[in-house]
Every structure is written in structure tokens, then in C-alpha cells.
Amino acid sequence: MSSIKNLKTIRIIGAGLLISWLGALPLGVLNITAFNVSATQGIGPAIFFAFAAISVELLYVRLSLWGNRKWVLDEKWVGPLLLFGCLLLLFLAISSMLSASEIAIVHQKPGWVGLMNSPILLGFLLSMTNPLQFPFWLTWNKVLLE
């Protein structure tokens with residue numbers, strides 16, 4: 001019985017790691033900033049930046065797991081909320097692509113990344129202000145629990 005429970009735990013952890021990896025694939029602010037920190041300050045500060053960003057993501061995962069236990073929805077609300085979440089993410093993806101196609105060539109590097117002396121603080125701030133992490137993990141945790 002214990003080995004079945006361990007196998008289930010390993011499957012859940014593996015699914016969480018796969019989902020996190022797939023969520024990190026698209027180029028976003030965190031990925032580009034990590035590259036910029038690595039290119040300008042070296043690999044050590046980039047690792048600290050990534051550690052800070054991942055710490056915030058782990059906090060969001062923990063909060064979403066707590067929220068899933070505390071916030072029990074009636075079955076009639078799950079379908080409409082899932083549809084709303086999918087449409088919202090689709091809208092955000094399309095609007096992001098459209099706005100990216102309208103951006104002119106940038107001749108100057110952003111200066112605010114170089115102004116932050118602490119890559120850990122930069123990682124915390126950028127990861128905390130990412131508006132999609134919490135709904136992303138709230139949804140995936142609900143899917144995994146089902």
C-alpha cells in the first residue's frame with residue numbers, strides 16, 4: 001500500500017515539474033531578465049535571481065493548494081469558471097502577441113535592470129508582480145486534484 005502511495009506522489013510531483021517546465025518555456029519577462037542578468041553580471045547572480053523567482057512560485061503553489069482546499073465550488077460553477085479562465089488566458093496571449101508585433105525596434109537597453117544591485121530582490125519583485133502565476137497554479141492544482 002505504501003509503494004502505491006509513493007508512486008502516486010512521484011506521479012504528482014512529476015506532473016507538477018512538467019507543468020512548471022512547460023509554463024517556463026515561452027519567453028517572458030523572467031526568462032529574458034534571467035538571461036540579461038547572466039550576460040551582464042555572471043552566472044552566480046543569475047542563479048540567485050532564478051532561486052528568488054522560483055521561491056515566489058513555490059509560495060504561489062502552496063497558496064493555491066491551500067486555496068483549493070478552502071474554496072470548494074459547486075459542480076455547476078466549475079465548467080463556467082474553467083471556460084472563463086481559458087478565454088481569459090487566450091485573450092491575454094492574443095493581446096500579448098498583437099502588442100509585440102506593434103513594438104518598434106528598441107535602440108536602448110532597459111536601464112532599470114542594471115539599477116537593481118541585488119539579483120535576489122529583482123527575482124522576488126519580478127516574480128511577485130507576474131499576474132498569471134497564481135491563476136495558472138490554481139487551475140493546474142484543481143486539475144491535478146480531480
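Basis for what follows: all heavy atoms, side chains included, without hydrogens, waters or symmetry-related copies.
- Atom CD1 of I94 and atom CG of L87 lie 9.5 Å apart (nearest 0.5 Å).
- Nearest heavy-atom pair across T129 and L125 is OG1-O, 2.9 Å.
- Atom-to-atom distance recorded for L83:CG and L88:CG is 11.0 Å, nearest 0.5 angstrom.
- Between the side chain of Y60 and the backbone N or O of S55 there is no donor-acceptor pair closer than 3.5 Å.
- Linking ILVMFWY side-chain heavy atoms closer than 4.5 Å, directly or via other members, places F48 and L58 in two distinct hydrophobic clusters.
- Chaining together hydrophobic side chains whose heavy atoms lie under 4.5 Å apart leaves F51 on its own.
- F35 belongs to no multi-residue hydrophobic cluster, having no ILVMFWY side-chain contact under 4.5 Å with any other such residue.
- Considering NZ of K8 and CD1 of I13, their distance stands at 13.0 Å, rounded to 0.5 Å.
- Between A53 and S127 the shortest heavy-atom distance is O-OG, 3.1 Å.
- The shortest side-chain heavy-atom distance between L30 and F49 falls under the 4.5 Å cut-off.
- Note that the CD1 atom of I120 and the CD1 atom of I47 stand 11.5 Å from one another [nearest 0.5 Å].
- Residue S38 comes nearest to I43 through the heavy atom pair OG-CD1, 4.2 Å, listed as atom of the first residue, atom of the second, then distance.
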